[in-house]
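Only heavy atoms go into these numbers, but all of them, side chains included; no hydrogens, no water, no symmetry mates. Keep in mind that what you see is a predicted model, and the values were worked out from it rather than measured.
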Amino acid sequence: QVQLVESGGGLVQAGGSLRLSCAASGRTFSNYAVGWFRQAPGKEREFVASQSWNTGFTRYADSVKGRFIFSKDNAKNAVYLQMDSLKSEDTAVYYCAARLPGRFMYVSGNYDYWGQGTQVTVSS
């Protein structure tokens with residue numbers, strides 16, 4: 001079992017930045033792939049970014065490419081999502097998720113473990 005806890009959400013003005021954190025307990029991230037997803041009110045959960053822990057291959061949704069950066073800290077068993085140049089359409093609850101590495105990392109249904117989510121609100 002992997003327990004995930006997100007933090008770092010909040011209210012920010014458009015153009016600002018936030019850094020989300022996801023800490024794992026129970027097991028290390030070393031054998032897993034980690035993804036960030038988000039869900040806005042009335043919308044389906046959507047893929048934001050993912051990284052395979054062993055290969056370091058990182059993938060971003062087109063909507064965040066060039067603005068968001070996925071990083072990790074092996075010693076802290078944590079991953080981060082640096083979000084810059086935030087837009088009002090980035091407003092959502094952001095979730096961290098983990099799964100064994102494999103295909104279709106952008107599909108939320110392929111993830112086994114989820115955090116509780118952290119709210120990000122971008123005011124225009």
Side-chain angles (χ1 to χ4, degrees):
Q1 288 284 342
V2 178
Q3 291 80 43
L4 304 174
V5 178
E6 304 97 333
S7 60
L11 174 64
V12 64
Q13 289 187 332
S17 299
L18 282 175
R19 187 190 190 215
L20 305 184
S21 301
C22 175
S25 61
R27 290 187 178 181
T28 68
F29 273 137
S30 60
N31 294 325
Y32 291 87
V34 182
W36 286 98
F37 291 81
R38 67 187 182 185
Q39 188 166 18
K43 295 187 178 181
E44 294 186 355
R45 190 168 297 187
E46 66 173 358
F47 170 76
V48 176
S50 64
Q51 187 177 91
S52 289
W53 199 266
N54 53 348
T55 66
F57 176 76
T58 307
R59 179 173 183 163
Y60 297 96
D62 288 343
S63 60
V64 306
K65 202 172 294 183
R67 300 188 297 122
F68 290 11
I69 298 176
F70 190 122
S71 63
K72 64 184 181 182
D73 186 326
N74 293 337
K76 294 184 178 180
N77 203 31
V79 298
Y80 307 95
L81 188 68
Q82 177 66 39
M83 306 187 297
D84 298 324
S85 302
L86 283 163
K87 306 175 182 179
S88 57
E89 51 263 44
D90 294 318
T91 295
V93 177
Y94 283 71
Y95 298 90
C96 171
R99 54 163 283 183
L100 292 175
R103 301 176 64 187
F104 309 118
M105 296 274 291
Y106 52 88
V107 177
S108 61
N110 290 339
Y111 286 77
D112 300 308
Y113 306 102
W114 291 85
Q116 83 289 351
T118 184
Q119 176 70 47
V120 171
T121 303
V122 183
S123 63
S124 56

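Taken from NZ in Lys76 to SG in Cys22, the straight-line distance is 14.0 Å, to the nearest 0.5 Å. Remark: Gln119 CD to Thr121 OG1 distance equals 4.0 Å, nearest 0.5 Å. With values rounded to the nearest 0.5 angstrom, Lys43 atom NZ is found 8.5 Å from Glu89 atom CD. Atom CD of Gln51 and atom NZ of Lys72 lie 5.0 Å apart (nearest 0.5 Å). Between Phe70 atom CZ and Leu20 atom CG the span is 11.0 Å, to the nearest 0.5 Å. With rounding to the nearest 0.5 Å, the separation of SG in Cys96 from OH in Tyr80 is 11.5 Å.
Salt bridge annotation for Asp90-Lys87: absent, with no cationic side-chain nitrogen under 4.0 angstrom from a carboxylate oxygen.
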Full working for side-chain contact (heavy atoms from CB on, under 4.5 Å) between Phe68 and Leu86: CA-CA 9 Å; Phe68 290 11; Leu86 283 163; 3.9 Å; yes

Criterion side-chain contact (heavy atoms from CB on, under 4.5 Å) on Trp36 and Val64, from CA distance to verdict: CA-CA 11 Å; Trp36 286 98; Val64 306; over 6 Å; no

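For Arg99 against Arg103, the heavy-atom pair with the smallest separation is NH1-O, 2.8 Å. Closest of all the heavy-atom pairs between Val34 and Val79 is CG1-CG2, 3.8 Å. Heavy-atom minimum distance, Ala49 versus Leu81: CB-CD1, 4.4 Å.
In terms of modelled atom types and a separation under 3.5 Å, the side chain of Glu6 and the main chain of Ser21 share no donor-acceptor contact. Arg59 places no side-chain N or O within donor-acceptor distance of the main-chain N or O of Ser50, the cut-off being under 3.5 Å.
By the side-chain contact (heavy atoms from CB on, under 4.5 Å) test, Ser124 pairs with Ser88, sequence neighbours left out.
Other cluster members for Tyr106: Phe37, Phe47, Val93, Tyr95, Phe104, Met105, Val107, Tyr111, Trp114, joined by side-chain heavy-atom distances under 4.5 Å among Ile, Leu, Val, Met, Phe, Trp and Tyr.
For the side-chain contact (heavy atoms from CB on, under 4.5 Å) with Leu18, the qualifying choice from Thr118, Asp84, Val12 is Val12, the only one to do so.
Contact annotation: the side chain of Tyr60 never approaches that of Val48 to less than 4.5 Å [non-hydrogen atoms, C-beta and beyond]. Between Gln82 and Ser17 there is a side-chain heavy-atom pair separated by less than 4.5 Å.
Under a cutoff of 6.0 Å and an axis angle of 45°, Arg38 and Tyr94 do not form a cation-pi pair.
If you check the side chains of Gln13 and Ser123, you find no donor sitting under 3.5 Å from an acceptor.
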